[in-house]
Amino acid sequence: MVNDCTFTRLSLTPTGTSSGFGLRLAHAALKRGDRVIATAKSLEKLQDLLVTSIHPNLRDNLRTLQLDVTEGELVLKAKVQEAATIWGRIDVLVNNAGIGLPALLEEGGTAHLRRQFATNVFGVLDVTAAVLPHLRSSKEAAIIVIGSRSAWRTEVPGIGFYAASKAAVHSLTETLAAEVAPFNIRVLLVAPGSFRTEGIYNHMYHTSNPIAANGPLREASMAKFKVLAETSKGDPAKAMEAVVDIVRGEGIAKGRPWPELLILGEDAERDVRDKCNKVLKALDEWKDVTHGVNIDK
């Protein structure tokens, strides 16, 4: 499919728009003339951080809605129905809401994992399921899912819970693309590297269950996470302009195939290539074993 369509006005419903990628995506879409239903856990934050930053001439195309992706299927379906009545349709869902909960695996345990998955995985699936009935009736339907290069670079102490959630999201998104293809719903998985966004670094490192043997590793990991926001090179505004280009088939995307997977950032490209090379190396070195486990004829 060549992405050369031009949409005069789309109705986008992004989650997590009070900061980070969601905030920049709302700006980018509104500047193109699209209509945006911005959602976030806090309407107060939406007002303070998003609405006030939008040029007055663009605010007519902006509506806000309180939505916590962890509220559960029934609540989310009701709120999505409310969103759909605002403009009469939903064309594009952007699953952006997410959190990062740094911790060592042994110290965080399954309780920490469940908390991480509640927002980053279960929330994504619940919101998607709630919006899909509306997308099926749109001729320009698309689902954008913000994943992470961390699904490819998992060998970093402290990032295991977040990386696992994003790896799950990547797998679900790829399956989702196959399942909604018969309805002509396009799906784009975005895997950003390190960007200067606000939200992802707001959560404190988990230290409520310290294990003495892990002390040096924990301290080194905590120090690394503290400087991530300051050393990130990615510009989130440029990233979201690229995403809007792809959705609309404009700019960098005009005349190009719908990508299905978009890697954003030089660091993300490096990590993906490193992982691919690692997998290929293992396949080559153990090829005899890989091929030697069939039932004897």
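No experiment lies behind these values; they were computed from the predicted model shown.
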N/O donor-acceptor pairs under 3.5 Å from side chains in residues 210-224, not counting sequence neighbours:
residue : atom : partner : partner atom : Å
Asn214  : ND2  : Glu106  : OE1          : 3.0
Arg218  : NE   : Glu107  : OE1          : 2.9
Arg218  : NE   : Glu107  : OE2          : 3.2
Arg218  : NH2  : Glu107  : OE2          : 2.7
Arg218  : NH2  : Ile211  : O            : 3.0
Ser221  : OG   : Pro157  : O            : 2.9
Ser221  : OG   : Tyr205  : OH           : 2.8

Count the heavy atoms of every other residue, nucleotide or ligand shown that sit under 6.0 Å from CD of Glu266, and state whether that count exceeds 12. no
The side-chain contact (heavy atoms from CB on, under 4.5 Å) partner of Asn95 among Ile143, Ile146, Ile144 is Ile143
N-O pairing of Glu250 and Arg32 below 4.0 Å: yes
Basic-acidic side-chain contact under 4.0 Å: Glu285, Lys281: yes
Run the numbers on Arg153 and Val156 for side chain to side chain contact (heavy atoms under 4.5 Å, CB included), then give the verdict. CA-CA 7 Å; Arg153 189 189 181 201; Val156 179; 3.8 Å; yes
Looking at Arg89 and Asp91, is there a salt bridge between them, counting it only when a charged N and a carboxylate O are closer than 4.0 Å? yes
Is it true that Arg248 and Glu140 make a salt bridge, defined as a side-chain N closer than 4.0 Å to a carboxylate O? no
Would you say the side chain of Thr52 lies within less than 4.5 Å of the side chain of Gln47, judging by non-hydrogen atoms? yes
When you check the gap from the basic side-chain N to the acidic O, do Glu71 and Lys79 get nearer than 4.0 Å? yes
Checking Asn96, Leu50, Leu46 against Leu23 for side-chain contact (heavy atoms from CB on, under 4.5 Å), the one that qualifies is Leu50
What one should report as the nearest heavy-atom pair of Phe21 and Met240 is O-CG, 3.3 Å
Non-hydrogen side-chain atoms of Glu241 and His27 separated by less than 4.5 Å: no
